[in-house]
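Some notes on the structure that comes next.
All of these numbers come straight from a predicted model, not from anything done at the bench. Quick note: numbers below take in every heavy atom, side chains included, and nothing from hydrogens, waters or symmetry partners.
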Amino acid sequence: MPVVLAAVLAVAGFVWWSWGRRRAGDEVAFRLDSLFRRKPCKWKATGDAKGALEDYQCAVCGVTAFSRTGQGPVDCKRSLRGGL
């Protein structure tokens, strides 16, 4: 009996996840997803330039990145931390 109950709950959860959230609309999905969403980066120029690349630092996560468009990078670079 516990196995059947677990299977029914798993199927109900999958149906809610795949069909119910889309049908419920963006408002409910936004509220649930906003709990786990990171704040977007706010890039500020540091004034350092290396050739065609300008140096930017994120005010939210503190990561330094480079861009040649005159604006901050499009994507957050915090997951690129690492070394050799």
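- C76 has its side chain out of reach of C58: every pair of non-hydrogen atoms, C-beta onward, lies at least 4.5 Å apart.
- Distance CD/E54 to CD/Q71: 10.0 Å, rounded to 0.5 Å.
- Checked against side chain to side chain donor-acceptor pair (under 3.5 Å), T64 has no partners two or more places apart in sequence or in another chain.
- Partners of K44 by side chain to side chain contact (heavy atoms under 4.5 Å, CB included), not counting sequence neighbours, listed by chain and number: A59.
- With values rounded to the nearest 0.5 angstrom, L9 atom CG is found 15.5 Å from F14 atom CZ.
- By the 4.5 Å side-chain criterion applied to Ile, Leu, Val, Met, Phe, Trp and Tyr, W43 is assigned to a cluster that also includes Y56.
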